[in-house]
Amino acid sequence: MLLTLTVMHEPAADLGYLLGKNPARCQSFPLSFGQAHVFFPEVSPSRCTAALLLDIDPVGLVRNRRGPSGEGHSLQQYVNDRPYVASSFLSVAISQVFGSALGGRSRERPQLAETALPYEARLAVLPCRGGESFLRRLFEPLGYNVATQRHPLDEQFPEWGDSPYYTVTLSGRCRLHDLLSHLYVLMPVLDNDKHYWVGDAEVEKLLRHGEGWLNAHPERENITRRYLKHQGQLAKTALARIEQDEGESDNEESTQVEEVIEERVRLNDIRLDAVQTALLQSGAKRVLDLGCGEGKLLRALLRDAQFTEIVGVDVSPRALEIARLRLDRLPLDVQARCRLLHGSLMYRDGRLSGFDAAAVVEVIEHLDPPRLSAFERVLFEFARPRAVVLTTPNVEYNVRFETLPAGSFRHKDHRFEWSRSQFQAWTNGVAQRFGYAVRFAPVGPEDEVVGSPTQMAIFMRIEAIRTRK
Ligand code: SAH
């Protein structure tokens, strides 16, 4: 990963003093995640360029547990974009290698550190999740000219489309301290991946490096949210606050689970609507929500008096805790119609018998394929509700998500994502083996070529259909 900083000012070699680095030397600095090299590829009277080259050690990241966890896909621990793109690692490198300049200090040229000069910063590869317009919304209000070059996913396969990676050049007249602070905060915001910060005082760091510009920035909310995301305790604290402030207009999907892709948030609502309608049409009164997560569907179902008993089941205690907190805000008589159970869909569970219907929304893709057959028996053989409404992503649609790199799943924990034919083959097999009839419905905007983003199957137990009238 390469960042170059150019100043157009005479004598340009002053950049060495401003950065506290001798332009005549090439220096290396060991960091906890690799090596940073600083050198000056260009020093002329009127232009001087300093380069910060980051050589991230992917194996070291795994050993230090600073890199992607792999979460079951252990190859991702080793093979990922972290060594090649501007991310929070580069922010950390800036603060460690150019600490004084970032803080606005220069022993040799204090006046110059306070002076706005024409600078140009070039980031060889910047992931812009949120697209070019988001990139511009971040930097243009700060007075930069933004020039970009977007890179295809693979030059050999143009039909795969573009990647989220850009070469970005920012130019503007500012103080070096401003430029470095903007980069420090905004690179991880654009990257929007898990951040690997060193130390834990992140809120303070954000406030310090955002001082003087963040509070007036039109995107300050997005910046703050993305900057602080995915950080253990902090994320929890933030979540707790969200829970308190959120009221019924909850948006857990956008704040917690995945990236802020508005389309997806809308899709989440469309999906819950579709599932609720299918459950209503099945005539069910007592329903299960299997893999209920944080309970959004549970709360939607509670608004409908047809559902007299609603039971949410999930394997994640954390998700259930959040679901509980949100249910606790409802009137007591409404709460009384809903229970939460901790359990795994991999194991036969007597508590799941005797229900009219079950919803299984965006859950099967979290199960390991070899264990799907265990799940099938738990649901269709033992629990055996009259109706089952089940959804899963349609992988064909992924090419329509602009910010999703080709070949990636929509969520890091997905074990698979199926095409329509794969889903139908599995579903028809299940229906046949366990005595259910099934029909399919698209959910979300339907594309002529790739179908809809979510696919839904509605199963009805055959003997129930026969004995219903
Ligand atoms: N149905 C919710 C959540 C989907 S995310 C919604 O549509 O928003 C998938 C959920 O399945 C997570 O909450 C996860 O904890 C749960 N899950 C994954 N494996 C499970 C298992 N074996 N048993 C029960 N729940 C499981």
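Below, all heavy atoms of this structure are taken into account, side chains as well, without hydrogens, waters or symmetry copies. For ligands, and for the atoms within them, numbers begin at 1 and follow the listed sequence.
- F459 and F380 have their aromatic ring centers within a separation under 6.0 angstrom.
- Using a 30° and 60° split on the angle between ring planes, F423 and W418 fall in the tilted class, from 30° to 60°.
- Atoms of ligand 1 found under 4.0 Å from any heavy atom of G293, numbered from 1 in the order shown, are 13 (O).
- More than 12 non-hydrogen atoms from other residues, nucleotides or ligands lie less than 6.0 angstrom from CD of E381.
- We find that D356 and K285 are not joined by a salt bridge, their nearest charged nitrogen and carboxylate oxygen being 4.0 Å or further apart.
- Note on ring orientation: taking the six-membered ring where Trp is involved, the planes of F409 and H414 are tilted (angle from 30° to 60°).
- Here's the thing with S344: one of its N/O atoms is less than 3.5 angstrom from an N/O atom of ligand 1.
- Taking only nitrogen or oxygen atoms, main chain and side chain alike, V361 reaches within less than 3.5 Å of ligand 1.
- Using a non-hydrogen distance threshold of 4.0 Å, A359 does not register as a contact of ligand 1.
- Interface of L345 with ligand 1, defined as ligand atoms under 4.0 Å from a residue heavy atom, comprises 21 (C), 22 (N), 23 (N), 24 (C).
- If you check the side chains of E362 and T391, you find a donor sitting under 3.5 Å from an acceptor.
- Remark: ligand 1 atoms within the under-4.0 Å shell around heavy atoms of G343 are 23 (N), 24 (C).
- At a 3.5 angstrom cut-off on N or O pairs, G291 counts as close to ligand 1.
- For the pair L372/F416, a side-chain contact is recorded, criterion being any heavy-atom separation below 4.5 Å from C-beta on.
- Looking at ligand 1, you won't find any N or O of C292 less than 3.5 Å from one of its N or O atoms.
- Judged purely by atom type and a 3.5 angstrom limit, D55 has no side-chain atom pairing as donor or acceptor with the backbone of G34.
- Remark: R384 engages E463 in a salt bridge, criterion side-chain N to carboxylate O under 4.0 Å.
- Proximity annotation for atom 12 (C) of ligand 1: of D314, D349, I322, D314 comes nearest, heavy atoms only.
- Close contacts of ligand 1 with E362, meaning ligand atoms under 4.0 Å from a residue heavy atom, involve 4 (C), 5 (S), 9 (C).
- Between atom 25 (N) of ligand 1 and the options L290, V315, D413, T391, the minimum heavy-atom separation is to V315.
- Neither the backbone nor the side chain of L297 comes within contact range of ligand 1; no heavy atom lies under 4.0 Å.
- Under a 4.0 Å criterion applied to the non-hydrogen atoms of H366, ligand 1 contributes the atoms 5 (S), 9 (C).
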